[in-house]
Protein chains: 2
Amino acid sequence: MSRITIKDIGKLVGVSPSTVSRALHDHPDISAELKLKIQSVATEMNFIPNATAINLRSKKSMIIGLIIPKLSMYFIPSLIEGISNELNKKNYKLMVLSSDESIEKEIQNIKICCDSNVDGILISLTNKTNHLDHFSPAFNHGIPIVLIDKTIHQDQIDEVIIDDFAASKNCAEYLLNKNCKNILGIFGDANMSITIDRLKGFEATLAKDKGIQYKIIFAENSEIASEKSLIELTSNKDLDGIFMMSDEIMVGVNKSLYEFEQKNKSKTAIKKIAISDGQLPQFMTPNISYLHHSGFELGKLAVAVLYDNFSPNTKTTLKRHYLSTALLEF
Amino acid sequence: MSRITIKDIGKLVGVSPSTVSRALHDHPDISAELKLKIQSVATEMNFIPNATAINLRSKKSMIIGLIIPKLSMYFIPSLIEGISNELNKKNYKLMVLSSDESIEKEIQNIKICCDSNVDGILISLTNKTNHLDHFSPAFNHGIPIVLIDKTIHQDQIDEVIIDDFAASKNCAEYLLNKNCKNILGIFGDANMSITIDRLKGFEATLAKDKGIQYKIIFAENSEIASEKSLIELTSNKDLDGIFMMSDEIMVGVNKSLYEFEQKNKSKTAIKKIAISDGQLPQFMTPNISYLHHSGFELGKLAVAVLYDNFSPNTKTTLKRHYLSTALLEF
DNA sequence: CTGTTAGCGCGTTCAC
DNA sequence: GTGAACGCGCTAACAG
């Protein structure tokens with residue numbers, strides 16, 4: 001089932017391969033009738049130009065590598081969708097690689113991207129990554145890179161993020177405005193840049209007000225978030241506000257809140273706010289207000305920044321790109 | 001920043017490109033010391049073999065195209081993870097394309113796969129697809145195809161699915177065993193093969209018992225599932241069992257159950273069962289029992305079947321492959 | 001043991 | 001207007 005080539009078409013029409021190539025590219029030198037003839041034969045024979053051969057010549061692959069820390073159901077799908085949408089507009093294809101929260105796999109994935117000749121790399125780091133030394137293969141080959149969401153702040157590579165400090169500050173202020181006096185903040189893995197930044201924004205806001213009590217806990221996943229928050233709910237009767245750093249944490253906390261209410265046969269008046277992609281909060285029981293952190297939009301922005309990197313001459317110098325967020329109340 | 005080639009290495013070491021190629025591939029003809037020499041120079045210069053050139057020669061791309069109906073947060077991430085895991089073992093790369101529930105995009109995605117020279121296509125159909133005519137480009141080029149989960153039953157292409165009929169039958173029996181007499185079944189888009197099959201299994205089981213009342217409703221997403229199920233809960237006081245076809249529906253129903261209980265200040269004794277990937281049921285309030293439909297395992301199986309298609313001679317003849325499921329009670 | 005040659009499919013010179 | 005020749009980087013057949 002070997003594929004049709006321009007040589008085959010040329011033989012059939014009685015012209016050389018180069019003429020076929022030109023006709024198919026609407027080259028002005030070719031007569032209109034010959035063009036039509038060749039093009040009709042090409043479509044008739046289901047001719048598909050061999051992308052590999054074109055890539056070899058042009059030294060481009062039209063493939064963008066996306067490396068994500070893990071294929072979680074939170075945030076990642078909408079991020080991929082945003083990226084995919086934007087890439088398709090310019091005929092780029094998306095290669096998805098998961099690091100499964102392992103640095104070894106992250107290193108491996110960067111190598112795979114280089115091996116595969118990707119034209120650019122979009123990457124969100126694992127929760128264990130704390131330097132970018134392993135990016136050197138990509139640097140060596142001059143492959144443009146954009147860091148997304150889970151990044152490390154530095155001055156070499158573009159970052160596309162939300163203003164994590166401001167986001168958690170907003171959330172903390174929301175709770176303060178609701179008159180909360182005793183607040184619990186639940187964060188993800190303490191090594192991640194987004195955790196650190198969100199933690200800073202949260203603490204900076206609450207520490208200013210001496211009348212406020214607050215506590216910080218960390219939870220790597222929904223399960224742990226559920227367990228730990230239930231302990232807090234049970235032991236701290238004055239708790240009146242909860243901040244949840246992510247959807248994953250929110251899902252766990254939602255469960256413990258329910259269990260707590262069941263056990264105590266009373267409805268709590270605890271105010272809740274989460275940073276979320278926005279799919280799940282409306283299905284929490286009851287609904288949870290959230291600061292919208294759109295994976296879709298972040299993905300689109302990341303691709304735009306990557307495109308910007310393709311033309312280094314006109315390239316914007318700004319290295320850190322912030323996506324705007326909005327607080328939605330329910 | 002043009003990349004190092006075997007020609008460059010050859011020039012440096014003083015041998016021909018083919019000798020370099022052989023040394024790098026550990027060809028027996030090359031002397032041990034020359035091999036070592038060449039290999040050390042190669043690594044020193046950060047040589048990476050050009051995959052595009054290799055692909056052109058070998059007529060393989062080592063890329064598998066995955067076409068999904070939509071990048072939803074339900075089921076799809078774990079499906080991709082299973083696929084990705086399995087592909088990596090044999091150095092295949094994954095290209096992800098979303099049809100966004102549009103047939104036009106599905107057609108387009110199949111073309112993209114052909115254009116990109118993928119070595120195989122894994123595809124889960126949109127909820128509007130009801131024939132496979134648009135697969136012809138892939139057929140013409142002899143690209144192996146495997147249908148996953150959302151399929152159309154036919155005899156040409158391998159399908160990798162769960163036994164949807166048996167799955168919903170199991171669920172219906174679970175509710176019967178719990179002594180439910182008045183059951184609500186909530187299903188997804190009525191056009192999908194999985195909806196039809198699950199509906200059949202559900203009805204076949206319940207229709208047998210004349211003492212059982214049941215009702216079927218359809219909901220395209222969580223929101224609609226929530227609205228419609230709340231109406232049923234409110235209007236039917238005798239409802240004592242609910243079957244939910246998917247995670248997406250479960251999330252919506254969970255919310256309406258909560259709202260119903262809040263409004264009526266009483267805990268319902270409604271038994272619940274869902275077909276689920278298993279991530280969310282444990283965080284529903286209260287937990288929901290489920291029939292485990294593993295996206296991860298389905299993905300792995302799909303890749304295995306695809307690999308099987310690579311060697312048509314030894315190929316297993318079975319066209320429909322079922323992943324086993326298990327009912328987990330909480 | 002190693003070098004030369006040829007060709008994978010395409011686009012782009014450079015001739016005519 | 002069109003064809004011939006070349007090269008993208010690599011490997012395999014052939015030659016010595």
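Protein chains get the first letters and strands the later ones, always in sequence-line order, with residue 1 at the start of each.
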Q: Residues in side chain to side chain donor-acceptor pair (under 3.5 Å) with B:Asn109, at least two apart?
A: B:Ser99
Q: Considering only heavy atoms, which members of residues 8-19 of chain B lie under 4.0 Å from some atom of DNA chain D?
A: B:Ser18
Q: Return yes if some donor-acceptor pair links the side-chain N/O of A:Glu101 with the main-chain N/O of A:Lys128 below 3.5 Å, else return no.
A: no
Q: For residues 36-49 of chain B, please give each side-chain donor-acceptor pair under 3.5 Å, one per line with the distance, not counting sequence neighbours.
A:
{"residue": "B:Gln39", "atom": "NE2", "partner": "B:Ala23", "partner atom": "O", "Å": "3.1"}
{"residue": "B:Ser40", "atom": "OG", "partner": "B:Leu36", "partner atom": "O", "Å": "3.4"}
{"residue": "B:Ser40", "atom": "OG", "partner": "B:Lys37", "partner atom": "O", "Å": "2.8"}
{"residue": "B:Thr43", "atom": "OG1", "partner": "B:Gln39", "partner atom": "O", "Å": "3.2"}
{"residue": "B:Thr43", "atom": "OG1", "partner": "B:Ser40", "partner atom": "O", "Å": "2.9"}

Q: Figure out the NZ/P separation between A:Lys35 and D:dG1, and round it to whole Å.
A: 10 Å
Q: Can a side-chain donor-acceptor contact be found between B:Thr52 and A:Asn117 if the only test is distance below 3.5 angstrom?
A: yes
Q: Kindly write out the residues that satisfy salt bridge (Lys or Arg N to Asp or Glu O under 4.0 Å) with B:Glu159, not counting sequence neighbours, or none if the list is empty.
A: B:Arg320
Q: B:Asp100: what forms a side chain to side chain donor-acceptor pair (under 3.5 Å) with it, not counting sequence neighbours?
A: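 Listed in chain order: B:Lys70.
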Q: By the 4.0 Å heavy-atom rule, please label A:Ile30 as base, sugar-phosphate, or nothing.
A: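 Contact class for A:Ile30: sugar-phosphate only.
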Q: Give the rounded distance in Å between these two atoms: NZ of A:Lys7 and C1' of D:dG3.
A: 15 Å
Q: Can you list everything that forms a side chain to side chain donor-acceptor pair (under 3.5 Å) with A:Ser98? Sequence neighbours excluded, please.
A: none
Q: Tell me, please, which residues at least two apart from A:Asp26 pass side chain to side chain donor-acceptor pair (under 3.5 Å).
A: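 Residues passing side chain to side chain donor-acceptor pair (under 3.5 Å) with A:Asp26: A:Lys35.
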Q: What is the ring orientation for A:Phe310 with A:Tyr307, classed by angle as parallel under 30°, tilted 30 to 60°, or perpendicular over 60°?
A: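 Tilted: the ring planes of A:Phe310 and A:Tyr307 meet at 30° to 60°.
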Q: Remember a base hit wins even if backbone is also touched, and classify A:Leu56 as base, sugar-phosphate or nothing at under 4.0 Å, heavy atoms.
A: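 Base, at least one base atom sits under 4.0 Å.
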Q: Five pairs at each end of the helix from C:dC1-D:dG16 to C:dC16-D:dG1: take the axis at both ends and give me the angle between them to 10°.
A: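 Roughly 60° between the end axes, to the nearest 10°.
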Q: Does OP1 or OP2 of C:dG9 have a side-chain N or O of B:Lys59 closer than 4.0 Å?
A: yes
Q: Sequence neighbours left out, what passes ring-ring contact (aromatic ring centres under 6.0 Å, His included) with A:Phe75? Give chain and number order.
A: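 Testing A:Phe75 for ring-ring contact (aromatic ring centres under 6.0 Å, His included), a comparison that skips the adjacent residues, returns A:His293.
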Q: Going by distance alone, is a donor N or O of one side chain under 3.5 Å from an acceptor N or O of the other, for A:Thr19 and A:Ser16?
A: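 Note: A:Thr19 and A:Ser16 side chains meet the donor-acceptor criterion.
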Q: Could you list by number each residue of residues 20-29 of chain B showing a heavy-atom separation from DNA chain D of less than 4.0 Å, or answer none if no residue does?
A: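 Of all residues in residues 20-29 of chain B, the ones placing a heavy atom under 4.0 Å from DNA chain D are B:Ser21, B:Arg22, B:His25.
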Q: Judged by atom type as modelled, is there a donor-acceptor pair below 3.5 Å linking the side chain of B:Glu106 to the main-chain atoms of B:Thr126?
A: yes
Q: Looking at DNA chain C, which of residues 36-53 of chain B put a heavy atom within less than 4.0 Å of it?
A: none
Q: List the residues meeting side chain to side chain contact (heavy atoms under 4.5 Å, CB included) with B:Lys60, not counting sequence neighbours, and say none if there are none.
A: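 With neighbours one apart ignored, the set is B:Ser58, B:Met62, B:Tyr92, B:Asp119.
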